[in-house]
> 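First, the structure itself, so that you have it in front of you.
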Amino acid sequence: MWTEGKVIERIDWNDELFSLRIKADITPFIAGQFIKLSELREGKRVARAYSLVNPPDTDYLEVLAIKVEHGLLSPNLHQLSVGDAIDVSSSAAGFMVLDEVPEGKHLWLIGTGTGIGPYFSMLETAQAWQRFEKIALVYGVRKIKDIAYKDLIDKYQAEHPTQFQFQAMVTREDCAGALKSRIPEALANGSLEQGLGLTLSAEHSQVIMCGNPEMITDAQVILEQKGLKKNLRRKPGQVTVERYW
Ligand SMILES: Cc1cc2nc3c(=O)[nH]c(=O)nc-3n(C[C@H](O)[C@H](O)[C@H](O)COP(=O)(O)OP(=O)(O)OC[C@H]3O[C@@H](n4cnc5c(N)ncnc54)[C@H](O)[C@@H]3O)c2cc1C
């Protein structure tokens, strides 16, 4: 169930937000899935889920994480340095994968904070670019310093200038090109569609939302009003979600 991983690299995006690159042998995974990271403390196991940022064909695992104040595990993960060991689940899990997303012309990838991570795994696969005419990435953060992996976002914009659209949503400061709005409000008043130059519809759109559960619940209400329904295995729809807490 657990295998020992070794931290081979870390990136500090700001004082709390960081990425860990870990060398560990786990069974093959699908882009969008998560692993568990864990520590054994006085015989008791503390384990938490972390989405993989790296695509399936890499020889390392990468997670984007935030140090949650008074959290049980994440402050310890934040202390890890290159060479340190951490237990990793020997397989990944999760259904927020493109194979579970029904056909559609436009793929909307909406994430808040660390919830953006699994989209990079998906966007590093050919499947995403082959399946959808347009891909919109919406990244909700409080401040501009909270944006991670801007290099990858720039790369997609350069490589897929008409297929890829990006919209940053920065709620706590003004920032050129970003919308100063929560995602549900921007969905409700049309400013997100306007910013991306894309229209949401049950016919053409498939939406994935990941991260803050409050954002997901509020946005789901707006999407439902626009005719987009929750995507369930037994009843396919347009909205696929993964709540981080
Ligand atoms: C499927 C899944 C995938 C996940 N992927 C990631 C990931 O890629 N990166 C990541 O950082 N976390 C991710 N999480 C959350 C992660 O599992 C932990 O809950 C988080 O690291 C906090 O753990 P903790 O023990 O430090 O805090 P706990 O003591 O467990 O405290 C939990 C509280 O921390 C807050 N919190 C939890 N996660 C976050 C977060 N990501 N951002 C802001 N506040 C948060 C909430 O208020 C929550 O109630 C994921 C969760 C799930 C269910």
Side-chain angles (χ1 to χ4, degrees), residues 2 5 7 9-22 24 26 29-42 44-56 58 60-80 84 86-101 109-124 137-143 145-149 152 169-172 182-183 208-219 231 239-245:
W2 299 103
V7 177
E9 209 178 308
R10 72 172 275 156
I11 306 169
D12 287 280
W13 304 100
N14 62 39
D15 288 347
E16 291 96 31
L17 185 67
F18 61 107
S19 291
L20 293 176
R21 196 171 273 197
I22 299 164
I26 69 161
F29 69 95
I30 306 167
Q33 288 191 312
F34 61 87
I35 51 166
K36 284 194 171 181
L37 296 179
S38 168
E39 277 179 2
L40 206 51
R41 289 187 203 156
E42 292 160 10
K44 256 191 110 179
R45 197 162 272 290
V46 181
R48 295 285 185 272
Y50 296 90
S51 299
L52 290 167
V53 176
N54 58 298
T58 34
Y60 57 82
L61 306 173
E62 186 160 324
V63 297
L64 170 66
I66 189 144
K67 177 181 156 192
V68 171
E69 213 181 336
H70 311 303
L72 214 51
L73 184 68
S74 61
N76 285 30
L77 297 180
H78 189 250
Q79 293 290 316
L80 292 175
D84 286 346
I86 180 79
D87 287 344
V88 180
S89 57
S90 44
S91 57
F95 298 105
M96 195 188 69
V97 298
L98 290 178
D99 286 342
E100 297 288 335
V101 173
L109 302 172
I110 300 179
T112 52
T114 52
I116 205 76
Y119 300 145
F120 295 118
S121 184
M122 293 178 189
L123 293 174
E124 288 296 308
L137 182 68
V138 180
Y139 192 171
V141 293
R142 288 176 178 170
K143 298 203 166 186
K145 71 174 171 65
D146 302 326
I147 292 205
Y149 297 102
L152 287 179
M169 314 287 295
V170 182
T171 52
R172 297 211 181 160
R182 284 185 72 234
I183 290 165
I208 309 182
M209 296 194 287
C210 183
N212 184 321
E214 210 176 296
M215 177 281 286
I216 293 175
T217 301
D218 293 351
N231 178 34
V239 184
T240 304
V241 306
E242 184 147 271
R243 289 178 169 82
Y244 272 6
W245 66 94

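In listed order, ligands and their atoms are each counted from 1.
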> Give me each pair satisfying side chain to side chain donor-acceptor pair (under 3.5 Å) with a member in residues 60-76, each pair once, sequence neighbours excluded.
R21-Y60, R21-E62, E39-N76, E62-Y149
> Looking at K143, I'd like to know if its NZ atom is crowded, meaning that more than 12 non-hydrogen atoms belonging to other residues, nucleotides or ligands lie closer than 6.0 Å.
no
> Quick one, L37 and D87 - any side-chain contact, counting heavy atoms below 4.5 Å?
no
> Side chains of S51 and Y244: is there a donor and an acceptor less than 3.5 Å apart?
yes
> Which parts of the protein, at residue level, reach under 4.0 Å of ligand 1 through a heavy atom?
F34, R48, A49, Y50, S51, L64, A65, I66, V68, G71, L72, L73, S74, P75, T114, E242, R243, Y244, W245
> Going by the side chain to side chain donor-acceptor pair (under 3.5 Å) test, which pairs reach into residues 89-101, not counting sequence neighbours?
D99-Q127, E100-R233
> Show me the donor-acceptor pairs within less than 3.5 Å that the side chains of residues 209-218 make with the rest of the protein, sequence neighbours left out.
unit_1 : atom_1 : unit_2 : atom_2 : d
N212   : OD1    : E214   : N      : 2.8
N212   : OD1    : M215   : N      : 3.4
T217   : OG1    : P213   : O      : 2.9
T217   : OG1    : R243   : NH2    : 3.2
D218   : OD2    : R182   : NH2    : 3.2

